[in-house]
Amino acid sequence: MSVEDQRYSDAMRVLEAGPEWLRAEIERLSRELSETTHEKIQAAEYGLVVLEEKQQLKQQYDDLEIEYETVRQELDMLKEAFGQVYSNHKKVAADGES
Amino acid sequence: MSVEDQRYSDAMRVLEAGPEWLRAEIERLSRELSETTHEKIQAAEYGLVVLEEKQQLKQQYDDLEIEYETVRQELDMLKEAFGQVYSNHKKVAADGES
Amino acid sequence: SGTPCSMPQSGVLANFFNSLLTKKVG
């Protein structure tokens, strides 16, 4: 049965149904709506928690990235200074020999 | 009006209402249920995407942390080597003078 | 259904979640 047919037959049933069936249907729909509303609120609360955790993690990542860049630059500078000392050393040694 | 009273008056209204009101109420509840179901699904899907993004970010954070530790250790070793060269240098200079 | 194609930014998403929490359902 297509969705259209389903809708049509649902509508016909509501039109033809007696008050008892209508009341039972209201009862059923109200229960289902309350349950679905509860699940919706849970999904929204969970989504907010995960969103908050993700934003905190992003902040930690950005902080670590700054730390990392700082240490990297310090290492590069020290490597360059080391290279300098080493080549000076070699020059002095060569001068000494000559 | 307390929740209990509200519930009671709702129930009384359904019991006393005629078929027209009942049908309209079924129509309204069906619409609300369909909208709430859509919102619940949307919230759940968004929550899952955020959860996945958070897990990816955590992986990136862990990778960066390993990188950071590696560079830190290299820097510490180079600092130590530099200190060694520097103190040797001072010793040689002192020996030279004496 | 699969992942929502157009994923809103965090701020919009937080508003969406909050709107679901504050919306009254009768």
Side-chain angles (χ1 to χ4, degrees), chain B residues 1-69 71, chain C:
Chain B
M1 184 189 280
S2 77
V3 174
E4 278 313 303
D5 297 350
Q6 179 67 49
R7 280 221 183 96
Y8 179 76
S9 78
D10 286 353
M12 285 314 292
R13 197 181 323 147
V14 172
L15 281 175
E16 289 156 3
E20 274 326 297
W21 186 88
L22 295 174
R23 288 196 185 92
E25 185 64 359
I26 286 175
E27 177 66 27
R28 184 187 73 81
L29 286 171
S30 303
R31 235 186 354 264
E32 289 243 15
L33 180 58
S34 146
E35 192 181 313
T36 305
T37 303
H38 174 72
E39 288 169 340
K40 176 185 84 170
I41 291 169
Q42 186 94 76
E45 284 180 343
Y46 282 155
L48 283 177
V49 172
V50 175
L51 181 65
E52 192 175 312
E53 287 171 349
K54 184 193 149 200
Q55 284 161 345
Q56 284 167 6
L57 188 56
K58 182 68 175 71
Q59 185 55 56
Q60 289 165 18
Y61 181 88
D62 292 344
D63 295 347
L64 180 59
E65 201 167 40
I66 291 168
E67 274 282 297
Y68 173 73
E69 282 311 317
V71 172
Chain C
S1 56
T3 307
C5 43
S6 58
M7 189 65 185
Q9 287 306 308
S10 294
V12 173
L13 206 44
N15 290 340
F16 166 72
F17 286 134
N18 278 311
S19 70
L20 296 187
L21 296 179
T22 49
K23 183 174 175 185
K24 285 280 163 266
V25 175

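Note that the structure is a prediction, hence the values are computed from the model and not measured. Below, read A as the first sequence line, B as the second, and so on, with proteins coming before strands; counting in each chain starts at 1.
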More than 12 heavy atoms of other groups within 6.0 Å of C:Gln9 CD: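 12 or below, so no.
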B:Arg7, CZ atom: more than 12 neighbouring heavy atoms under 6.0 Å: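 Counting neighbours around CZ of B:Arg7, 12 or fewer heavy atoms of other residues, nucleotides or ligands fall under 6.0 Å, so no.
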Gap separating the CG atom of C:Leu20 from the NZ atom of B:Lys40, nearest 0.5 angstrom: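 Rounded to the nearest 0.5 Å, the CG-NZ separation comes out at 12.5 Å.
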Atom of B:Glu39, atom of C:Phe16 and distance for their closest heavy-atom approach: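 For B:Glu39 and C:Phe16, the tightest heavy-atom pair comes out as O-CZ, 4.2 Å.
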Minimum heavy-atom distance C:Phe17-B:Gly47, with the two atoms named: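 Answer, listing the atom of C:Phe17 first, then B:Gly47: CZ-N, 4.1 Å.
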